[in-house]
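Written out below as structure tokens is the structure these notes cover.
By convention in this document, chain letters (A, B, ...) are assigned in the order of the sequence lines, proteins followed by strands, and residues within each chain are numbered from 1. Small disclaimer: the values here were computed from a predicted structure and weren't measured.
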Protein chains: 2
Amino acid sequence: MATGRTHRPATRSRGIPEATVARLPLYLRALTALSERSVPTVSSEELAAAAGVNSAKLRKDFSYLGSYGTRGVGYDVEYLVYQISRELGLTQDWPVVIVGIGNLGAALANYGGFASRGFRVAALIDADPAMAGKPVAGIPVQHTDDLEKIIEDNGVSIGVIATPAGAAQQVCDRLVAAGVTSILNFAPTVLNVPEGVDVRKVDLSIELQILAFHEQRKAGEEAASTDGTGPVTAVRGESGDKGPDGDVPAVMPA
Amino acid sequence: MATGRTHRPATRSRGIPEATVARLPLYLRALTALSERSVPTVSSEELAAAAGVNSAKLRKDFSYLGSYGTRGVGYDVEYLVYQISRELGLTQDWPVVIVGIGNLGAALANYGGFASRGFRVAALIDADPAMAGKPVAGIPVQHTDDLEKIIEDNGVSIGVIATPAGAAQQVCDRLVAAGVTSILNFAPTVLNVPEGVDVRKVDLSIELQILAFHEQRKAGEEAASTDGTGPVTAVRGESGDKGPDGDVPAVMPA
DNA sequence: CCATCTTTGTGCACGCGTTCACAAAGACAT
DNA sequence: ATGTCTTTGTGAACGCGTGCACAAAGATGG
Ligand SMILES: NC(=O)c1ccc[n+]([C@@H]2O[C@H](COP(=O)([O-])OP(=O)(O)OC[C@H]3O[C@@H](n4cnc5c(N)ncnc54)[C@H](O)[C@@H]3O)[C@@H](O)[C@H]2O)c1
Ligand SMILES: NC(=O)c1ccc[n+]([C@@H]2O[C@H](COP(=O)([O-])OP(=O)(O)OC[C@H]3O[C@@H](n4cnc5c(N)ncnc54)[C@H](O)[C@@H]3O)[C@@H](O)[C@H]2O)c1
């Protein structure tokens, strides 16, 4: 069994609660929209509605950043946009590499919202030699062999993994070894990373399964009596082949 | 306020905590992998490691489903796979529609892991007349005009929105009106839905911004040690500080 | 300058989720 | 059967996040 597995750090992020950090981008988006409409100030109530959160929660969130509001008036939109951007580190340029330029990787590369917030696609990397040199979204795909050099040359600290699940850990290891300390993982796998490296995952399959759970519950509640419990048919064991790539654990270590 | 209810209906999900529900797919994935390797039983410790969670948490999660383990031995893999699948509602077929077949929508349609768990892409819908009839991932794209009919004919209750942000709310409204009660939203917008409809969002931009926040913190802390001008030196009270780490639940029904 | 009105900032209580720690349950050997 | 050893299932403590409710701050008008 694994030895000395360090405990989970509990997220002591310099005073700002993790839950708040996760909402800041939400506020920023709403504020940016207001800014584009030249709205000068906004109340916590209005902004909260736009962001889909409780107004008290929003005020408390902002209180962690400092007191940027004016009582009786609200918050200055432009100032708040700047403060949140600065807090999130969006005032600087973040070169990002995407590894695995398949269906998803290509879509990500083409995604406009990527660059809209200081994130710049510095390079696209794929293991397929046939793709090397081919431009995707105007950026030529480079081969995995040069991964380390690419990371180093561009000062990349954020990497996006969009390879098949089987290759994800290996790619992750190389990224980390090359200096990447933040990873966004789209592959359905648990990535093991050393301390100090952040991993966030996006998993479509998990989201759908959670929705299915609630969906089933809704249906069950509606027809509570008509649906007998226990018609245990169709046990979905491992009858057929399982997903070619869609079935491996996935979580965040750290 | 004019906006509809935004409160959380307490989410009394059949006794199973929301946080647990969100982890079930994770366990299921790990268990499926074990099943494929014909592993008969697994201990909470092993499974927890594979899923990247605390073993006590895993045991407590399973305890909500019932007592499926055998003390001194562990859990029967096959049985647990079935129990979790059933709990998540994966023993039945879930027809899903994807609206907005652009870069992302096409990638999603091509995604194999989609169908691997009872989710079936029943239809692809796009507003672009030029796309109508064109097959994507072997499925002909249909026009938005027929959205309501498609939903009804296929008994779709889960919809995926991959349209531009500006069209998301409108598409959402139509989906809901047509009978969809679960939505997975990829567009960077807050969707307003009536009570009883679940919305989960996947937002690449937000994930990157959260990573950037921690990345900036790491860089700042590093510099603080080399830079003598640091204002606050004793950030950590008494030790025990573990790495930063960062992961936020992301569980949030609507 | 004072009164009133609006909205912030936050103290406080509560509930959920996490983790520890351990008694009990059962397998397995003797 | 009895003892030992492994592992579950869970009681209890704790910490985080959420939301209420309100005093204080400041704008606005007279
Ligand atoms: N397509 C989706 O909508 C979707 C949704 C959720 C998750 N995912 C996951 O994202 C990943 C990619 O999905 P996809 O549909 O783009 O698959 P894909 O097969 O189209 O693309 C995978 C790409 O990764 C490349 N690759 C393989 N091994 C590599 C390696 N070691 N280093 C670098 N590149 C490598 C391949 O050459 C290929 O171009 C998969 O893990 C999938 O499960 C995809
Ligand atoms: N591409 C990515 O990697 C990525 C990542 C994160 C989020 N997103 C978001 O996902 C959404 C789609 O991204 P994309 O890159 O695929 O964009 P895209 O422009 O390539 O595709 C959008 C598609 O939606 C269709 N559409 C527009 N209005 C519609 C309507 N009212 N009804 C039905 N279909 C409609 C368009 O015809 C087009 O085919 C955007 O909101 C984007 O912000 C994309």
Please report the distance, rounded to the nearest Å, between [atom1] in [X] and [atom2] in [N].
{"X": "Glu18(B)", "N": "dG17(C)", "atom1": "CD", "atom2": "C1'", "answer": "12 Å"}
{"X": "Leu65(A)", "N": "dG9(C)", "atom1": "CG", "atom2": "C1'", "answer": "13 Å"}
{"X": "Arg59(A)", "N": "dA25(D)", "atom1": "CZ", "atom2": "C1'", "answer": "14 Å"}
{"X": "Lys57(A)", "N": "dG17(D)", "atom1": "NZ", "atom2": "C1'", "answer": "8 Å"}
{"X": "Leu58(B)", "N": "dT10(D)", "atom1": "CG", "atom2": "P", "answer": "14 Å"}
{"X": "Tyr64(A)", "N": "dG11(C)", "atom1": "OH", "atom2": "P", "answer": "10 Å"}
{"X": "Glu45(B)", "N": "dT8(D)", "atom1": "CD", "atom2": "P", "answer": "8 Å"}
{"X": "Asn54(A)", "N": "dG9(C)", "atom1": "CG", "atom2": "C1'", "answer": "14 Å"}

Which listed nucleotide (dT10(D), dG9(C), dT18(D)) is nearest to the side chain of Arg23(A)? dT18(D)
Tyr68(A) pairs by ring pair (Phe, Tyr, Trp, His ring centres under 6.0 Å) with which of Phe62(A), Tyr82(A), Tyr79(A)? Tyr79(A)
Sub-4.5 Å side-chain heavy-atom contact between Thr70(A) and Asp76(A): no
Close side-chain approach of Leu204(B) to Leu184(A), heavy-atom, < 4.5 Å: yes
Judged by nearest nucleotide, the residue sitting upstream toward the 5' end of DNA chain C, Lys60(A) or Gly66(A), is Gly66(A)
Check the phosphate of dT8(D) against Ser44(B), side-chain N and O only, distance under 4.0 Å to OP1 or OP2. Yes or no? yes
Does a side-chain N or O from Tyr75(B) land closer than 4.0 Å to OP1 or OP2 of dG9(D), or not? yes
Please work out if Phe62(A) contacts a base, only the sugar-phosphate, or nothing of the nucleic acid, heavy-atom cut-off 4.0 Å. nothing
Tell me whether the side-chain N or O atoms of Arg71(B) pair up with the base of dA27(C) as donor and acceptor below 3.5 Å, since no angle test is needed here. no
Between Thr181(B) and Asp198(B), is a side chain to side chain contact (heavy atoms under 4.5 Å, CB included) present by the stated rule, with each step listed? CA-CA 6 Å; Thr181(B) 47; Asp198(B) 284 333; over 6 Å; no
Test item: Lys201(B) side-chain N/O and Phe186(B) main-chain N/O as donor-acceptor pair under 3.5 Å: no
Does Thr70(A) or Asp61(A) map to a spot on DNA chain D nearer the 5' end, using the closest nucleotide for each? Asp61(A)
